[in-house]
Amino acid sequence: MSTRKLNQEVFGLWVNELIARQRVVGVQAKEERFVFEPLSKAEDLRLDYDVTILPPKKYLLPQRENLMAFTAQGEYESRLEHEPFILFGVHPYDVVAISQLDAIFRAGHYDVHYMTRRRNATIVACDVQKASAHVFASSMNTATVQDGFDLLLTKIGDDYLADAGTEKGEALLALVPGGVEPAKEDFAKREQVWRTNQESLGKHDLKCRPDELPALLAKSYDDPIWEEKARLCFSCGSCNLVCPTCYCFDVHDDMNWDMQTGTRTRSCDACLLNEFAAVAGGHNFRRHPAERYRHRFYRKGSYIPNKFGFVACVGCGRCISACLTGIANPVEIYNQLYAKSPDIETSEQAALPEVSPVTERTLSEDIYAPQAATLVQTRPLTELETFYEIRLDSGLELGHEPGQFVEISLPGFGEAPISVSSSPTQRGTFQMVVRNVGNLTNALGKLVTGDRIGVRGPFGSEFPVHDVMKGRDILLICGGIGLVPVRSAINYILDNREDYGHMTILYGAKTPADRIFADEQRDWGQRTHVTMLETVDDPDENWHGHVGRITALLPLVHISPENTIAVVCGPPVMYRFVLEELQKMGMSDDSIYLSLERRMKCGVGKCGHCQMNGVYVCQEGPVFQYSTIREVMEAI
Amino acid sequence: MNKPKVAIFDFAGCEGCQLQIVNMEEEILDLISIVRLVEWREGMSEQSEEYDVAIIEGSITRPQDEEKVRQIRERAKTLVALGACATDGGVNKIKNRFDLQEVKQLVYGADSALPHLDSAPTKAVDEVVQVDYKIYGCPIDRREFAHVVRSLVMGKRPEIPNYPVCVECKRKENVCRYEYHEICLGPITRAGCDARCPSFGTWCFGCRGSVDEPNVQAAREVMERYGKKVEDLEDRMLLFSNKQEARG
Ligand SMILES: Cc1cc2nc3c(=O)[nH]c(=O)nc-3n(C[C@H](O)[C@H](O)[C@H](O)COP(=O)(O)OP(=O)(O)OC[C@H]3O[C@@H](n4cnc5c(N)ncnc54)[C@H](O)[C@@H]3O)c2cc1C
Ligand code: SF4
Ligand code: SF4
Ligand code: SF4
Ligand code: SF4
Ligand code: FES
């Protein structure tokens with residue numbers, strides 16, 4: 001790769017040449033601050049900037065982007081931005097942040113919206129010329145970069161050294177009108193700039209090494225600092241929204257005035273906002289400001305490092321200037337925690353895993369695009385719940401395992417995660433049950449046989465019907481619509497009866513009118529080696545069965561704990577009590593499986609909504625072996 | 001498509017919010033194409049008995065108005081409060097902080113005893129009848145109004161933000177007003193206006209009312225950080241604070 005030296009005049013001509021050929025987004029002044037904006041002439045470029053208000057991320061993961069267009073008839077068409085552009089003047093810490101986002105949006109499910117924009121971007125990095133008030137890149141090893149850019153500019157004296165990092169960068173260099181081969185002392189001057197920046201971009205000084213953060217945070221979960229600081233938190237999300245490594249998003253549908261077409265947009269979200277982890281019905285999985293406040297520091301310093309192998313803070317200092325009450329400074333928090341536990345042992349350091357291998361897919365494949373499906377049967381089960389049988393219009397099988405879920409789409413209403421309720425042994429169609437609690441579920445309730453819906457998935461983990469459940473007795477404990485996903489396993493087991501031992505099904509509903517699948521429950525109870533027990537919280541005069549909480553049924557069943565696998569699925573409040581009872585009965589945590597619910601948007605491990613601490617429920621769950629999440633504080 | 005019947009009523013207010021609707025220009029035709037406007041003093045005169053959606057602008061300041069609002073509620077499947085006066089009492093509520101007779105004397109002088117100038121403490125619409133949805137702001141935001149109408153036509157609960165104006169302000173990459181040492185109510189005010197005021201270079205005066213759980217204590221402590229007095233903040237909050245209890 002080559003390096004050129006450009007004097008000011010050549011530099012200006014070159015930038016104008018680039019603008020004439022391509023869309024160039026560059027750093028410009030906005031009042032007293034700086035922003036990345038489309039550049040119309042070289043003079044507007046301000047490479048002497050300290051930091052931009054928003055990171056250049058906004059051109060890769062826009063504040064708001066059109067994901068797809070849809071029609072009321074349920075056709076979805078992905079919108080991808082193919083226009084090539086140059087991001088001009090990106091500071092090294094922001095280059096590192098972009099590399100992190102690349103890894104995240106490529107890993108696992110490939111995000112074609114981000115990646116298309118990313119492939120079309122040429123990154124012209126620029127070494128920092130003026131330190132901002134709060135930068136601490138020196139502490140995060142992000143003051144200078146060796147890769148992640150296509151071209152790197154370094155100001156030496158009045159000239160720029162331009163160093164190509166890739167073929168794309170080389171192509172830009174080829175457009176330099178003039179310019180000279182740098183001399184030896186030019187390289188020496190650049191070394192000097194790098195050395196200076198590595199020291200001087202440190203307005204705050206992190207006392208521990210960045211790779212020690214996961215171990216430090218492992219000890220700090222219950223520290224009083226979270227409550228103390230969050231007392232002054234506005235839950236305004238500014239710290240997230242200005243961060244170059246934050247990438248959580250929300251998705252919304254909007255219908256146009258014609259009521260026939262609309263757009264599905266995604267917008268940057270913020271985990272500090274009050275309702276980030278709230279679900280329909282009012283439960284909020286991170287209700288207290290301190291829980292949300294803590295989450296950000298853990299995500300930067302623990303969850304993402306443990307998952308991807310890098311600390312998700314590049315030391316740009318933006319959150320520090322954005323936070324009005326002065327509580328968002330990561331260095332301040334980490335240093336205070338470090339002062340309390342200076343003895344983190346290297347052995348405790350989280351082993352930083354390799355970034356998961358990239359699966360390049362064809363560009364047309366959009367993980368967010370639903371496929372068309374038709375309702376072949378709809379039937380009310382209770383006042384609130386409706387049963388659906390669905391066939392994919394492609395004629396293909398859904399291909400799910402018991403316990404998995406799909407994302408159901410309705411044009412204008414968005415998406416909702418819904419469990420598959422039928423067994424994979426049922427061919428041609430699949431079934432689900434939906435409780436009417438909000439916008440999408442309400443609209444779904446109005447559909448009739450023959451109507452179309454959109455389906456993505458199947459997603460998530462499954463009940464272990466293929467391995468650990470085989471040959472064992474099975475104890476299934478379901479509250480309310482928790483029976484819906486478990487029914488998939490029940491029917492699978494009944495269809496492969498000889499592979500499993502005795503099956504006990506416990507089901508609790510609020511009132512007799514709330515019971516679902518009552519006929520099927522009767523049939524299940526009549527099969528050999530099946531025990532079916534039911535209870536309701538509030539009986540009516542016609543109810544002759546058990547009354548009380550589901551835990552009251554447990555003493556009635558006799559199991560051999562060593563040979564039993566238990567599955568629990570129900571409302572959030574149910575788990576703790578059932579787990580206690582199961583443990584009393586001698587069940588080990590390895591033999592208990594839980595199916596958990598969280599707010600979800602993407603279903604594919606990107607949007608961040610479903611996280612319980614570092615665990616993505618949409619990917620690693622919804623079915624968990626209890627022993628694997630016992631230490632996950634936000635789980636139960 | 002069966003067009004829903006929509007009626008718009010105005011009570012005490014400047015009618016600025018209705019003006020926002022009139023100002024929707026081309027979009028007003030789009031609006032008429034999906035709803036049937038049956039009662040709207042500002043725009044037409046036809047009278048109707050029942051409404052799918054009744055939209056009320058303005059706050060309720062007279063006993064006879066309370067009766068009228070109750071009638072509207074009875075005739076409406078869905079009731080929407082439009083603009084700060086209707087959602088929170090708005091600027092009109094400031095009078096509740098003073099003695100009513102004094103206010104009347106001040107405003108109407110010698111005429112203050114005349115019966116048509118009968119005035120009671122200002123109420124937001126939901127202090128009189130149940131309100132299904134609120135379109136906040138003084139004046140309202142046209143985009144949000146359009147969103148609410150389209151949502152209601154679809155049978156969908158409109159998505160009204162419950163996060164602070166700072167969110168939208170940051171998305172628009174504004175320079176924060178606090179950098180100019182101005183007191184901005186953005187951190188405790190409900191978003192949805194696309195950070196209108198900071199985007200025009202001035203502070204947010206809180207016209208959309210506060211988020212559900214505003215951290216007022218944090219706002220107070222911010223004053224110190226920026227060399228301001230807590231009283232300055234409180235003065236600023238008075239204009240649209242929905243915490244003012246009726247006196248007198
Ligand atoms: C893995 C999983 C399986 C589920 N299976 C079923 C099922 O089989 N039957 C059923 O009736 N319900 C199920 N739910 C709950 C269902 O997803 C929510 O009730 C639904 O998303 C509410 O959407 P809404 O638009 O009607 O409500 P709104 O309140 O309008 O919700 C708006 C948005 O918030 C999010 N959201 C709200 N509540 C939830 C929630 N509980 N879980 C996840 N996201 C939420 C969604 O993105 C939703 O689109 C499941 C949830 C999860 C996580
Ligand atoms: S930490 Fe600061 S910036 Fe972040 S949400 Fe709280 S108040 Fe807002
Ligand atoms: S956490 Fe703060 S300092 Fe770190 S990358 Fe994000 S905005 Fe920058
Ligand atoms: S200008 Fe106001 S709304 Fe915008 S970020 Fe600053 S405080 Fe928040
Ligand atoms: S910025 Fe504040 S005052 Fe201005 S329109 Fe929005 S809520 Fe009202
Ligand atoms: S990360 Fe989006 S739902 Fe799990």
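Below, read A as the first sequence line, B as the second, and so on, with proteins coming before strands; counting in each chain starts at 1.
Proximity to chain B is limited to the backbone of A/Phe34, based on heavy atoms less than 4.5 angstrom apart. With a 4.5 angstrom heavy-atom cutoff, A/Leu54 touches chain B via backbone and side-chain atoms both. Of the two parts of A/Asp258, neither the backbone nor the side chain holds a non-hydrogen atom closer than 4.5 Å to a non-hydrogen atom of chain B. With a 4.5 angstrom heavy-atom cutoff, A/Leu273 touches chain B only via side-chain atoms. For a residue to count as touching a neighbouring chain, one of its non-hydrogen atoms must lie under 4.5 Å from one of that chain's; by this rule A/Cys323 touches chain B with the backbone only. Proximity to chain A (any heavy atom under 4.5 Å) is restricted, for B/Glu159, to the side chain, taken from C-beta onward. Within the 4.5 angstrom heavy-atom criterion, atoms from both the backbone and the side chain of A/Arg231 approach chain B. For A/Val242, the part sitting under 4.5 Å from any heavy atom of chain B is the side chain, from C-beta outward, and nothing else. For B/Arg157, the parts lying under 4.5 angstrom from a heavy atom of chain A are both the backbone and the side chain. A/Ser238 touches chain B through backbone and side chain together, each having a heavy atom under 4.5 Å away. For A/Asn439, the parts lying under 4.5 angstrom from a heavy atom of chain B are both the backbone and the side chain. Heavy atoms closer than 4.5 Å to chain A are found in both the backbone and the side chain of B/Ala146.
Heavy-atom neighbours of B/Arg225 CZ from other residues, nucleotides or ligands within 6.0 Å: above the threshold of 12. Heavy-atom neighbours of A/Glu227 CD from other residues, nucleotides or ligands within 6.0 Å: at or below the threshold of 12. Counting heavy atoms of neighbouring residues, nucleotides and ligands inside a 6.0 Å radius, atom CD of A/Gln73 exceeds 12 of them. By the 6.0 Å contact criterion, CZ on A/Arg64 is open, its count of non-hydrogen atoms from other residues, nucleotides or ligands being 12 or less.
A/Asn442 contributes atom CG, which lies 12.0 Å from atom NZ of B/Lys156 (distance to the nearest 0.5 angstrom). Atom CG of B/Asn215 is separated from atom CG of A/Asn274 by 11.5 Å, given to the nearest 0.5 angstrom. In this structure, A/Met259 CE and B/Lys3 NZ are separated by 12.0 Å, a value rounded to the nearest 0.5 Å. Taking CD1 of B/Ile188 as the start and OG of A/Ser235 as the end, the distance is 13.0 Å to the nearest 0.5 Å. The structure places CG of B/Leu31 at 4.5 Å from CH2 of A/Trp257, a figure rounded to the nearest 0.5 Å. Distance check: A/Cys233 SG to B/Gln217 CD gives 14.0 Å after rounding to the nearest 0.5 Å.
Looking only at side-chain heavy atoms (C-beta outward), A/Phe234 and B/Val211 stay at 4.5 Å or farther from each other. Here the side chains of B/Glu179 and A/Arg33 are in contact, with some heavy-atom distance below 4.5 Å. Put simply, the side chain of A/Asn256 does not reach to within 4.5 Å of the side chain of B/Arg150, judged on heavy atoms. Side-chain atoms of A/Glu275 and B/Tyr163, non-hydrogen and from C-beta on, never get closer than 4.5 Å to each other.
Ranked by non-hydrogen atom pairs under 4.5 Å with chain B, the options A/Leu324, A/Ile327, A/Ile53, A/Thr325 are led by A/Leu324. Chain A forms more heavy-atom pairs under 4.5 Å with one residue of B/Pro187, B/Cys166, B/Ala191 than with any other, namely B/Pro187.
Scanning residues 169-176 of chain B against chain A with a 4.5 Å heavy-atom cutoff picks out B/Lys170, B/Arg171, B/Lys172, B/Glu173, B/Asn174, B/Val175, B/Cys176, ordered by number.
Looking only at atom types and distance, the side chain of B/Tyr180 has no donor-acceptor partner in the side chain of A/Glu32 under 3.5 Å away.
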